[in-house]
Amino acid sequence: MLKKGVGEGGLKAVMLPVAEAEALILQAVQPLGPEWVELGSAQGRVLSQTVYSPQDFPAHPTSSMDGYAVRHEDVQAGIPCELQVIETLPAGKAPTRELQPGQAVRLYTGSLLPSGADTVVMQEYTQQPSPGTVRLLQRPQRGQFVRPQGDFARQGDPLLPAGQALGGAELAVLAAIRQAMVPVFRQPRVALFSTGDELVPIQQVPGPGQVVDSNQYGLAALVKAAGGIPIQLGIVPDRLQVLRQVVQQALASADGVISSGGVSVGDFDLVEKVLEELGGEIFIRSVAIKPGKPLTVARFPNPHGPPKLYFGLPGNPASALVTFWRFLHPALRKMGGSLPPYWQILSAFSPVDLHADGQREHYLWGRLQVKPEGIQFQPAANLNSGNLISLAGCNALAVLPVGTTQIPAGSPVQVLQLP
């Protein structure tokens, strides 16, 4: 599956097209097993099995308006007509009497329809000439403002499909059917670490040539946004034995592993060597994407479930975040049980020319805004794979395909809306 070519220094990996790399990753990903969680903890989780209605909704015929329940045949003789009011039914109270000819029941939105009634007359089209009497001023249609039993769902109907992400509306449905425990896919546990002797933690003032490890915090936030649980393992120095130990620890404690740095072609880029020593099958080494070309993806056998995937991202901040958004976000969503599509792809325009070298699929980060003339993509200033500052506030990636060197201002451009 890995493609190689010949270059200076011997064999090297051939860059895979972006679509092919994405397809290989998604083929390698399998949803994790199911678990049950309490309804109050299910927000954002993904259903692992279809939920069916245990009853009819509504369970009984109800009124959809404030007004009076009547027998339709009683209002056919002529309008106006007067009926005897035998009962008042607020929502939540069961009827105690069956409606007889010449009678009506005062009710409200959500009230149960009494036996014998088949129509509701809005209160705006009634008068009360005397206590216990209602005068109808308009002839209603049969069944008007009546919600029949099972109008919304019948017992046994599917309410929520497997793969449905649970938001407010879905949680309300589950509460309505008294589903206190919810079957969901397990959230991916993702181990994170950064590699490089030049990195220091945020508590330390960097010296000459050193940089603060920002990737780990940004990637942890993106893992959470994709439905995962980040396990931050800190900074790993450029020493083979230490890196090997951390990778073993990460694989043992998580469903997937993400590292940043150490996947280029320098003397101190050791990740691929360690992955091969530990028995990993590296099936992606390089992708024709800018930024983010040095992307390493490997799978490790797992006797207790789906194979565990290792993602080695570039160390440059923009490269790390763009490759996460493009490849790891859909992978983690699938791992957590979500169904495609994993992206919202929009057509937008830019107020300025967009440029690329044409050799790789180019991703420019920026902001989407709705304008009278359409959706506008404004690229960030100073687009550079090492410029972390320019990423702040961005909500979209414009895509310039291979072979495209310019998209003129005002022309359509495809944009990935960031989660």
Kindly give the heavy-atom pair with the smallest separation between Pro291 and Tyr363, and that separation in Å. CD-O, 3.7 Å
Tell me if a side-chain donor or acceptor on Glu98 pairs with a main-chain N or O of Pro114 at a distance below 3.5 Å. no
Should we count CD of Gln141 as having more than 12 external heavy atoms under 6.0 Å? no
Minimum side-chain heavy-atom gap Ser319-Ser385 below 4.5 Å: yes
Regarding Asp66 and Thr109, is there a side-chain donor-to-acceptor distance under 3.5 Å anywhere? yes
Distance, nearest 0.5 Å, that separates CH2 of Trp325 from CG of Leu222: 6.0 Å
Can you tell me how far apart CG (Asn215) and CG (Leu388) are? Round to the nearest 0.5 Å. 7.5 Å
Pair Glu272-Thr296, side-chain donor/acceptor within less than 3.5 Å: yes
Considering non-hydrogen atoms only, spot the tightest contact between Arg142 and Thr119 and give its length. CA-OG1, 3.6 Å
Find out whether Pro294 and Pro314 are in side-chain contact, i.e. whether some heavy atom of one side chain is under 4.5 Å from a heavy atom of the other. yes
Side chain to side chain contact (heavy atoms under 4.5 Å, CB included) between Phe324 and His329: does it pass, once the steps are laid out? CA-CA 6 Å; Phe324 184 101; His329 178 81; 4.2 Å; yes
Taking the side chain as C-beta and beyond, is there a heavy-atom pair between Val257 and Val247 under 4.5 Å? no
For Gln249, is there any backbone N or O sitting under 3.5 Å from a side-chain donor or acceptor partner on Ser253? yes
Under a 3.5 Å cutoff, is there a donor and acceptor pairing between the side chains of Gln149 and Asp56? yes
Before giving the answer on side chain to side chain contact (heavy atoms under 4.5 Å, CB included), spell out for Leu233 and Val246 the whole-Å C-alpha distance, their side-chain angles and the decisive distance to 0.1 Å. CA-CA 8 Å; Leu233 301 181; Val246 173; 4.2 Å; yes
Please confirm whether the backbone N or O of Gln100 pairs with a side-chain atom of Gln103, one donor and one acceptor, at under 3.5 Å? yes
Any side-chain to backbone donor/acceptor pair from Lys334 onto Val29? Under 3.5 Å, distance only. yes
Would you say OH of Tyr125 has more than 12 non-hydrogen atoms from neighbouring residues, nucleotides or ligands within 6.0 angstrom? no
Say you draw a straight line from CG of Leu16 to CG of Leu295; how long is it, rounded to the nearest 0.5 Å? 9.5 Å
Charged N to carboxylate O below 4.0 Å: is that the case for Arg186 and Asp255? yes
Can you give the donor-acceptor pairs under 3.5 Å from side chains of residues 86-96 to other protein atoms, not counting sequence neighbours?
residue, atom, partner, partner atom, Å
Glu87, OE2, Thr96, N, 3.2
Glu87, OE2, Thr96, OG1, 2.7

Minimal non-hydrogen separation, Ala331 against Ile25, with atom names: CB-CG2, 3.8 Å
Stepwise, does the side chain to side chain contact (heavy atoms under 4.5 Å, CB included) test hold for Leu83 with Val134? CA-CA 5 Å; Leu83 301 174; Val134 62; 4.1 Å; yes
Interatomic distance, Leu368 atom CG to Gln344 atom CD [nearest 0.5 angstrom]: 9.5 Å
Can you name the nearest heavy-atom pair linking Val402 to Gln359, along with the distance? CG1-O, 4.0 Å
Does the pair Glu38/Arg45 count as a salt bridge with the N-to-O cut at 4.0 Å? no
Would you say Val212 and Leu199 make side-chain contact, with heavy atoms under 4.5 Å? no
Side chain of Thr404, backbone of Gln406: donor and acceptor closer than 3.5 Å? no
Atom pair CZ/CG of Arg333 and Leu26 - distance to nearest 0.5 Å: 11.0 Å
Pairing donors with acceptors under 3.5 angstrom, does anything connect the side chains of Gln123 and Arg106? yes
Taking Asp157 for the side chain and Arg154 for the main chain, is one N or O donor matched with an acceptor at less than 3.5 Å? yes
Note, Leu24 side chain near Phe283 side chain (heavy atom, < 4.5 Å): yes
Heavy atoms of other groups near Arg189 CZ, more than 12 under 6.0 Å: no
Side chain to side chain contact (heavy atoms under 4.5 Å, CB included) between Ser259 and Tyr310, worked out: CA-CA 8 Å; Ser259 65; Tyr310 186 106; 2.7 Å; yes
Charged N to carboxylate O under 4.0 angstrom, Asp118 versus Arg71? no
Between the main-chain N or O of Ala398 and the side-chain N or O of His362, is there a donor-acceptor pair closer than 3.5 Å? no
Less than 4.5 Å apart, side chain to side chain, heavy atoms only: is that true for Phe327 and Phe311? no
Do any N or O atoms from the side chain of Lys308 and from the backbone of Ala254 form a donor-acceptor pair under 3.5 angstrom? yes
About how many Å separate CG of Leu391 and CH2 of Trp365, when rounded to the nearest 0.5 Å? 5.5 Å
Cationic tip of Arg147 above Phe152 ring, under 6.0 Å, 45° of axis: no
Between Thr195 (side chain only) and Gly261 (backbone N and O only), is there a donor and an acceptor less than 3.5 Å apart? yes
Show me the donor-acceptor pairs within less than 3.5 Å that the side chains of residues 346-356 make with the rest of the protein, sequence neighbours left out.
residue, atom, partner, partner atom, Å
Ser350, OG, Val352, N, 3.2
Ser350, OG, Val352, O, 2.8
Ser350, OG, Phe377, O, 3.4
Asp353, OD1, Ala409, N, 2.8

Which pair of non-hydrogen atoms, one from Ser194 and one from Asp213, has the smallest distance, and what is that distance? OG-OD1, 2.9 Å
Is it true that atom CD of Gln414 has more than 12 heavy atoms of other residues, nucleotides or ligands lying nearer than 6.0 Å? no
Verify the neighbour count for atom CD of Gln43: are there more than 12 heavy atoms of other residues, nucleotides or ligands below 6.0 Å? no
Taking Lys290 first and then Glu361, would you say they form a salt bridge - that is, a charged N and a carboxylate O separated by under 4.0 Å? no
Hey, does Gln376 have a side-chain heavy atom less than 4.5 Å from the side chain of Arg367? no
Is it true that Glu373 and Lys371 make a salt bridge, defined as a side-chain N closer than 4.0 Å to a carboxylate O? no
Minimum side-chain heavy-atom gap Leu113-Thr62 below 4.5 Å: no
Would you give me the side-chain donor-acceptor pairs under 3.5 Å for residues 161-180, sequence neighbours excluded?
residue, atom, partner, partner atom, Å
Glu170, OE1, Gly167, N, 2.8
Gln179, NE2, Met181, O, 3.0

Residue pair Ala381 / Asn387: nearest heavy atoms and the distance that separates them: O-ND2, 4.2 Å
